[in-house]
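See below for the structure under consideration.
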Amino acid sequence: MADSNRQAGRKNSIPAQALVCALATILGCRFACAAAPSAGFAPASYIGEFDPNLVWELLLGGIAALSFLVAIGIWILAAMRGAKSAQAQRSAFISSALNTLNQGVMMTNAQGRVVFYNDRFLEMYGLSRAEISSKMTGHELLELRRARGLLNLTVQEFSKLARRAEGIVIELPDGRSVLTKMFRLPNGGTIGTHEDCTEQRQLSRKLASTTKFLESVLDNVPVCVAAKNIEDGRYIFVNRAFERFSRFSRDHIVGRRADEIFRPETAASIEAADQAALNAPEGHNRSEYFVERGDEKRIISSNRVVARNENNEPEFLINLFDDVTERRSLSRELENTKKFLELVVDNIPVSLIVERVSDGRYLLANRSAETILNRRREDATGLTAADIFNPREAKLIIARDEAAIKKRSLLTEEHPISTKDGLRLFLTRRMTVLDEAGEPQYLIKTHEDVTDRRQTESRMAHMAYHDGLTDLPNRTAFLQALAQMIEACAGTDEEFAVLCVDLDGLKEINDVFGHATGDKLLIEVAGRIQSCASGGVVARLSGDEFGLIIDGKQPEAGRALAEKLAQTMSDEFLIDGKSVRTGVTTGISVFPHNGPDAASLLANSGAALFRAKQKSRGSISVFEPEMDQQIRDRRVLHQDLSMAIRNGELSLHYQPQAAAGPTVVTSKVIGFEALARWMHPVRGFVSPGEFIPLAEESGLIVEMGDWILREACREAASWPVPLQVAVNLSPAQFMHGDVVSLVHSILLETGLAPDRLELEITEGVLIEDFDRGLALLRRLKALGVRISMDDFGSGYSSLSYLQAFPFDKIKIDRTFVMNLGRNPQSAAIVRAVIDLGHGLEMSIVAEGVETQEQLGFLADEGCDAVQGYFLGKPQPIGHYAALVGRSAASGIDTERKLASA
């Protein structure tokens, strides 16, 4: 400041000094002129004619003027030197100030020459002042930087970009970044600023990276995120989850309010939730509400947070929400499942207890466990076994629990437990549940009361070897006893007999009195057999067959026991107030003569029984070697019959059925009954009485019956004369397979009209299963076929069956027809059956007609149709070709042929 004042004083003294010099010069001249005459100075001689005073005045005036001019010159020079010094001082001040800037500065004049650059500029680009001459232009300086690798743009590109308002950032080789901006000066020159923005750029990159990372995180979180301005309620950010949920793009959402995006009801819910968050003292609020999305309503779980600025004023509202519709549904489902499982656990008939391993306390017990715990399950929770049971029981339970925990797998045992119902046997299962570290965490115990089950199993074990009705040993037990008897007698001279005893007439008793009476009869029979056996082994081998083992001299002892049995059974049985009579047929085999093992002895006694049945009911037969051959022959015949069905060895013969007339000539044929015949390739003709029962017993009758029905329908469909054809159906066909579907398919296959087919059944179809049999008959009748009851009168329940089902025809059994003319009772029965059938609007057919007398009686009594050898024997259909319209024979020839047949 003092220097400045001195400089100002020096500047002001220069003109003053010049003025003093000028005044001194002028005054000196005047003083000299005045003093000259007094000195006696005579200038005239020197200057001639001029006035000396005038000359001196002029000379002094010139000197004064010159002095003035010199003073003025001196003043001007002093002023210029002062101005230059001030300018230098100002330049030095400005240069000093610019050199202290943190930015680099470079200026050019209007001619483009570099007129200034500060130290920061040189330092920033690593240049020295010696490298920048006074005549260097800005263009040349840029080229120098390019040559040094400090500029990666052309001069034109750099100049264009640097003049932008935002300037240009140049990346230097050492990693620094410089922000350069150029401005035009009023004098035509330029000034450029160069700022090191490396740190700012790094911070900017970090900020951008952080922002991008946060946006990426927010975009990828599964929760919807949205932010909005509190002032105007407009969205400023939403993430992708929000876009997916709302089904709007963020461009559509950002900048809009909720009421501009969503439906009114949804917008109102959002605004209410926003307001609740703003009003919350803690600045956040959780809520759930419904929003509409398309045609569906979704449940939203929202958490709103108020964001405040530096003045602690609310500025933004951040909303995090999730669609919990499925979660709530699953929660409800889980709750329902939990209740369901609790209900199931509570109601399972097994006691369930869950115990914590660490302290042995019960955590869970179902309702059934109250029996074990002897208290309410709620009262047992939190207690230990020592708290619940007496010391002795608790010690035992704890020891078993510890054993299960140590084993770490299922431990099962049975032991008695005292309950309010007394001592019961329980099956206890203990299972250890391990935690994530593999250490025991819980012990699950189930207690199942198996007292009744074990008793049942004991009874079942008894039943496995005993008959359920009579409590006698069954076939399995009998064979075991027989094997033991053989083992005991082997190698000795001892003998014993095996008796197969068949109860006569059990089927008839069941049909007449019912199965309940039949069962009671079997119990009574079992008691009498045991009484007669006197300690021998007695077993029930099948429904009406019993087995006995008797020692002693054989076969005398066996025959004596058989006779005693027959005598005992001859006495009537009084069952439910009804008198029931029966008998027994017995077959006997003897060890060791009739077999070395149990199976052989039992099979041979069965063969003897079969021979006894062939003789007559009530017979006693001892096994003979030829009986074994008969059994083997029967087995071979069964195998041959099976092959015969497949090999086409069976054929059909047809027996005429005619309307009953006084004579054969007047009896017009109305149909045929199809009958199976078997021509064996080795044995020759096999009687139906031999192979039909065999087929019934073996079950082959089903396959055979199907073939007979199909073949008969096929044959009848080819007859020019539409006569009826009758086919017998076995009860086995009703019991096995769908007989209705079979008949229907055969009618469709062969093309036979349903009303031409007559199905003959026996009452056995209804005896086996009345309701099922009746339903099948009704379905068959619905097809349009005719149903006939065969062998009427030979059973016991025919009248009840006639009442239950409207048969089309009744066939009187041949046993009644063959006695006509010899037995008045037979005539009365036939007459009654005819009247009964007509009363029920059913046709009557009498089979077994073999004489003119029988035919005449039936015709006189109004029998509708007849069948028998007198009218025609079963023959191949070719024998009756004329009757079915396959020849031109006259009616007389046909009648003769029928008569001769």
Side-chain angles (χ1 to χ4, degrees), residues 464-467 469-504 506 522 525-569 582-632 634-635:
Y465 293 96
H466 289 79
D467 175 52
L469 179 64
T470 63
D471 202 37
L472 290 176
N474 59 14
R475 177 182 290 271
T476 302
F478 184 77
L479 288 172
Q480 289 183 355
L482 190 53
Q484 293 172 0
M485 193 74 172
I486 292 172
E487 185 179 357
C489 297
T492 67
D493 296 335
E494 295 186 21
E495 297 178 329
F496 64 87
V498 178
L499 280 66
C500 279
V501 179
D502 186 75
L503 190 62
D504 298 332
L506 179 62
L522 285 170
V525 168
R528 291 191 184 184
I529 293 177
Q530 282 184 305
S531 298
C532 293
S534 300
V537 177
V538 180
R540 186 184 179 196
L541 303 181
S542 62
D544 58 357
E545 187 176 344
F546 295 85
L548 292 87
I549 303 175
I550 182 72
D551 56 4
K553 185 173 175 57
Q554 304 299 339
E556 290 79 3
R559 187 182 295 276
L561 178 58
E563 292 173 349
K564 184 179 180 181
L565 286 172
Q567 180 63 38
T568 303
M569 298 301 167
T582 185
V584 291
T585 304
T586 306
I588 303 172
S589 64
V590 177
F591 175 83
H593 311 293
N594 301 142
D597 53 52
S600 300
L601 287 172
L602 187 58
N604 290 336
S605 63
L609 177 62
F610 180 75
R611 172 63 66 86
K613 287 181 180 180
Q614 287 183 326
K615 291 180 181 178
S616 65
R617 290 185 177 182
S619 300
I620 300 172
S621 177
V622 179
F623 177 78
E624 296 176 359
E626 62 269 16
M627 294 180 183
D628 187 43
Q629 184 62 43
Q630 292 175 354
I631 295 297
R632 285 197 293 269
R634 186 175 179 82
R635 291 172 181 167

Counting C-beta onward and ignoring hydrogens, is there a side-chain heavy-atom pair between [X] and [Y] closer than 4.5 Å?
X: Glu545; Y: Val501; value: no
X: Ser605; Y: Leu499; value: no
X: Leu548; Y: Val537; value: no
X: Ile549; Y: Phe478; value: yes
X: Val498; Y: Met485; value: no
X: Cys489; Y: Phe496; value: yes
X: Ile529; Y: Thr568; value: no
X: Ile486; Y: Phe591; value: yes

Shortest non-hydrogen contact from [X] toward [Y]:
X: Leu472; Y: Arg540; value: CB-N, 4.1 Å
X: Cys500; Y: Gly606; value: SG-N, 3.9 Å
X: Glu495; Y: Pro592; value: CG-CD, 4.3 Å
X: Leu506; Y: Gly543; value: CD2-O, 3.9 Å
X: Ala557; Y: Asp551; value: CB-O, 3.8 Å
X: Gly595; Y: Ser600; value: CA-CB, 4.0 Å

Partner of Asn604 under side chain to side chain contact (heavy atoms under 4.5 Å, CB included), chosen from Leu609, Asn594, Ile588
Asn594
Supply the atom-to-atom distance [X] [atom1] to [Y] [atom2], rounded to the nearest 0.5 angstrom.
X: Ile550; Y: Arg559; atom1: CD1; atom2: CZ; value: 15.0 Å
X: Glu556; Y: Gln554; atom1: CD; atom2: CD; value: 7.5 Å
X: Thr582; Y: Arg617; atom1: OG1; atom2: CZ; value: 8.5 Å
X: Glu563; Y: Cys532; atom1: CD; atom2: SG; value: 12.0 Å

Please step through side-chain contact (heavy atoms from CB on, under 4.5 Å) for the pair Arg611 and Phe623, ending with a clear verdict.
CA-CA 9 Å; Arg611 172 63 66 86; Phe623 177 78; over 6 Å; no
Please evaluate residues Phe546 and Val584 with respect to the criterion side-chain contact (heavy atoms from CB on, under 4.5 Å), reporting the C-alpha separation (whole Å), side-chain torsions for both, the decisive distance (0.1 Å), and the verdict.
CA-CA 10 Å; Phe546 295 85; Val584 291; over 6 Å; no
Verify side-chain contact (heavy atoms from CB on, under 4.5 Å) between Leu602 and Arg475, making sure each step is shown before the conclusion.
CA-CA 10 Å; Leu602 187 58; Arg475 177 182 290 271; 3.2 Å; yes
State whether the number of non-hydrogen atoms from other residues, nucleotides or ligands found under 6.0 Å of Gln567 atom CD is greater than 12.
no
For Thr585 and Asp504, does a side-chain donor sit closer than 3.5 Å to a side-chain acceptor?
yes
Verify side-chain contact (heavy atoms from CB on, under 4.5 Å) between Phe610 and Asp502, making sure each step is shown before the conclusion.
CA-CA 10 Å; Phe610 180 75; Asp502 186 75; over 6 Å; no
